[in-house]
Amino acid sequence: MDLSIIIPVYNGALLLNRCLDSIFNQKTQYSYEVILVDDGSTDNSVELIKARKEPNIVLYQQQNAGPAVARNKGIELARGKYVAFIDADDYWNQGYIQKTVDFLNTHNECVAVSVTCKNIASFAKSASYNPSWMDDSKKKPPFVLEDFMSYWAAYCHVGTCSTTMRTEQVRQSGGMRIDLRVTEDYEFWLYLSTFGKWGLIPEVLYVSDGGDVTQSQGWLSKMERRWKNAPSIAEWEQRIIAQLPELTISYQKARGRVSRNLTYCQLLSDRLTLSRHEALRYGNYFIKDPIGKLMNLAKYTPLTWWMLAKFLKYREYHRKLN
C-alpha cells in the first residue's frame, strides 16, 4: 500500500461526499486507502460513508475526542508507506496523490512534502494562498526546503490537508499531541521537521473551502473553546525543545509566530498576566501583522494591555461573518 489517507469526521455530512469524490477521482498509479475516523458525529455522516461503494474505505467510530485523537487513530490503522490528512469539508485537486508520492519516492531525505493551499473565505467571496507568493497562475518546480523553520515562520505554508508524510517517521514522532486543543498542528509540523527535511510542491493541489460548515457549527462558541484552551509556549514547545540540539534563530522565528497566536487566544480568554508575560518574552519575533504590532506596543504596562484586551474582545464579538 502506497498511501493511507486519514479523514477525521465530525458532523461533516454537508461536504463529505465532495471531499471523498476529490480523492476517488484522482488519476494515479499508486494504491491507497481512505481511513475515515468518525469522532462521535450526530448527523448522518456515518450513513453517507457506509453508502459509498469504493472497496478501499475503512470506517472507525469513536466517542468525541477531538481531531488530534482521530488523526492518531488513523495513523495507528494506516497500512500505507505514506500518510496524508484531509478534512471532511476540504478537497484535493487532480494530481495531489500522484505528485506528492512521486516526490517522496525520489527524495529519501524528506520526511514530508507539502503543496500550495488555496483558502476560500465563503463569507468574503475571496481567496488567499499558502505560501502567500503562490497563486493559480504561478507554477515552479518542486524543491527541498533547506531551512524548514525559517520558511514556515515566513509563510506558515503547511496546511493540515496539504501534506503527505512518511508513515514510519510519523509513528516515530508519536503523532499529534492530544493534550493540545489549539495550534496542535503547528506543533506537529515543527516537531516532525526535526526528523528530516521537508519538500514543497508549489502547485495548488489542496483547497480549503469549509467556511459554511464552520459557521453552521457555531463559529463563536468554537473560538471561545479555542481561546480558553490555548497553552503557554513553555507547555506547547516541550517535545520540540527536547529534539533540538540548540535554540536556533530559525526556531525562535517559528516560535514567535506561534506565540503571537497563543498570546492572542490568552488575551481573549482574560488571562492577562500570562499573555502579557508571553508578549514581553517572545514579542520580538511576533509576525508584523497589525495585531502583532499592537501587542508589542501595548505590552509594556498592565493598563495598556488591559485596554488592548477590551478592544480585541469587542472586535471578535462584533465580527460579521455574513
Side-chain angles (χ1 to χ4, degrees), residues 66-69 71-72 75-76 83 85 109-114 130 144-160 162-163 165-200 226-269 271-289 291-292 295-296 299:
V69 174
R71 292 185 184 111
N72 285 350
I75 292 166
E76 179 186 324
V83 65
F85 302 142
E109 75 276 24
C110 288
V111 68
V113 61
S114 294
N130 280 344
V144 177
L145 294 167
E146 290 304 318
D147 187 344
F148 171 84
M149 290 190 181
S150 284
Y151 195 87
W152 185 88
Y155 296 110
C156 195
H157 67 290
V158 182
T160 306
S162 72
T163 303
M165 303 156 280
R166 294 187 188 276
T167 305
E168 180 181 354
Q169 277 71 42
V170 170
R171 286 182 173 148
Q172 185 182 352
S173 76
M176 285 190 163
R177 280 178 56 182
I178 62 174
D179 60 316
L180 297 177
R181 300 305 291 265
V182 57
T183 62
E184 73 277 5
D185 51 345
Y186 290 176
E187 191 274 346
F188 182 59
W189 308 136
L190 292 174
Y191 183 56
L192 189 61
S193 75
T194 67
F195 288 80
K197 288 188 175 295
W198 205 288
L200 177 61
R226 289 174 62 84
W227 299 335
K228 292 176 182 177
N229 285 324
S232 68
I233 276 288
E235 294 173 303
W236 178 88
E237 69 176 358
Q238 290 175 4
R239 66 176 182 170
I240 301 174
I241 292 293
Q243 189 79 355
L244 293 175
E246 60 178 336
L247 291 184
T248 62
I249 293 296
S250 297
Y251 174 66
Q252 291 180 65
K253 290 178 181 178
R255 181 174 63 183
R257 175 180 279 276
V258 177
S259 181
R260 146 64 177 88
N261 290 355
L262 293 179
T263 299
Y264 186 79
C265 293
Q266 294 157 5
L267 257 177
L268 291 173
S269 58
R271 289 176 286 169
L272 299 187
T273 300
L274 171 62
S275 57
R276 182 167 169 259
H277 173 269
E278 302 281 78
L280 287 167
R281 185 168 184 179
Y282 305 110
N284 289 341
Y285 289 106
F286 283 177
I287 56 173
K288 302 300 188 289
D289 68 338
I291 299 300
M295 284 197 238
N296 272 317
K299 67 185 181 182

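For clarity, every value in this text was computed on a predicted model and none was experimentally measured.
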Query raised in the report: At their closest point, which heavy atom of Val83 faces which heavy atom of Val170, and how far apart are they?
Result: CG1-CG2, 4.0 Å

Report summary line: Tightest non-hydrogen contact, residues His157 and Ser162, listed as O-OG, 4.3 Å

Requested in this report: Classify the ring geometry between Trp152 and Tyr186 as parallel (under 30°), tilted (30 to 60°) or perpendicular (over 60°).
Outcome: perpendicular

Query raised in the report: To the nearest 0.5 Å, how far apart are CG in Asp147 and CH2 in Trp198?
Result: 13.5 Å

Query - Flag, side chain of Arg257 to backbone of Ile287, donor-acceptor distance under 3.5 Å - result: no

Requested in this report: Work out which heavy atom in Gly175 is nearest to a heavy atom in Ile75; give both atom names and the distance.
Outcome: CA-CD1, 4.3 Å

Query raised in the report: Would you call the rings of Phe85 and Trp189 parallel, tilted or perpendicular if under 30° counts as parallel and over 60° as perpendicular?
Result: tilted

Query raised in the report: For the atom pair SG (Cys265) and CZ (Arg226), what is the distance rounded to the nearest 0.5 Å?
Result: 6.5 Å

Requested in this report: Please examine the side chains of Phe195 and Arg166, heavy atoms only from C-beta on, and report whether any two atoms are closer than 4.5 Å.
Outcome: no

Requested in this report: Check the pair Glu235 / Leu262 against side-chain contact (heavy atoms from CB on, under 4.5 Å), numbers first and verdict last.
Outcome: CA-CA 11 Å; Glu235 294 173 303; Leu262 293 179; over 6 Å; no

Report task. Heavy atoms only: give me the nearest Met176-Asn72 pair and the separation to one decimal. Result -> O-ND2, 2.7 Å

Query raised in the report: Distance-only, no hydrogens or angles: does the Thr194 side chain make a donor-acceptor pair with backbone N or O of Tyr191 under 3.5 Å?
Result: yes

**Report entry** Any donor-acceptor N or O pair under 3.5 Å, side chains Ser114, Thr163
**Finding:** yes

Query - Interatomic spacing from CD in Gln243 to CD1 in Ile241 - rounded to 0.5 Å - result: 11.0 Å

Query raised in the report: Closest approach of Ser250 and Ser150, non-hydrogen atoms and distance?
Result: OG-OG, 2.8 Å

Query raised in the report: Counting distance only, does the side-chain N/O of Gln252 pair as donor-acceptor with the main-chain N or O of Tyr285 below 3.5 Å?
Result: no

Report summary line: Distance col, row Asn284:CG vs Asn296:CG, nearest 0.5 angstrom, shows 6.5 Å

Query raised in the report: Are any side-chain N or O atoms of Arg239 and backbone N or O atoms of Gly174, one a donor and one an acceptor, separated by less than 3.5 Å?
Result: no

Query - For Ser193 against Phe148, the heavy-atom pair lying closest together - result: CB-CD2, 3.3 Å

Report task. Check whether any side-chain N or O of Arg255 sits under 3.5 Å from a backbone N or O of Tyr282 as a donor-acceptor pair, and report yes or no. Result -> no

Query raised in the report: Would Arg71 and Phe188 count as a side-chain contact (heavy atoms from CB on, under 4.5 Å) if you check the C-alpha gap in whole Å, the side-chain angles of each, and the deciding distance to 0.1 Å?
Result: CA-CA 12 Å; Arg71 292 185 184 111; Phe188 182 59; over 6 Å; no

**Report entry** Residues Lys197, Glu146: salt bridge by 4.0 Å N-O rule
**Finding:** yes

Query raised in the report: NE2/His277 to OG1/Thr263 distance, rounded to the nearest 0.5 angstrom?
Result: 10.5 Å

Query raised in the report: Sub-3.5 Å donor-acceptor pair from the side chain of Glu184 to the main-chain atoms of Val182, do we have one?
Result: yes

Query raised in the report: Nearest 0.5 Å, what's the CG-SG distance between Asp185 and Cys156?
Result: 8.0 Å

**Report entry** Ile240 and its side chain to side chain contact (heavy atoms under 4.5 Å, CB included) partner, picked from Leu190, Leu192, Val258
**Finding:** Leu190

Report task. Say whether, by atom type as modelled, one donor and one acceptor occur between the side chain of Gln266 and the main chain of Leu272 under 3.5 angstrom. Result -> no

Requested in this report: Determine whether more than 12 heavy atoms belonging to other residues, nucleotides or ligands lie under 6.0 Å from atom CD1 of Ile178.
Outcome: no

Report task. Using atom types as modelled and distance alone, determine if a side-chain donor or acceptor of Arg276 lies under 3.5 Å from a backbone N or O of Lys299. Result -> yes

Requested in this report: For the pair Arg177 (side chain) and Trp236 (backbone), establish whether a donor and an acceptor sit closer than 3.5 Å, ignoring hydrogens and angles.
Outcome: yes

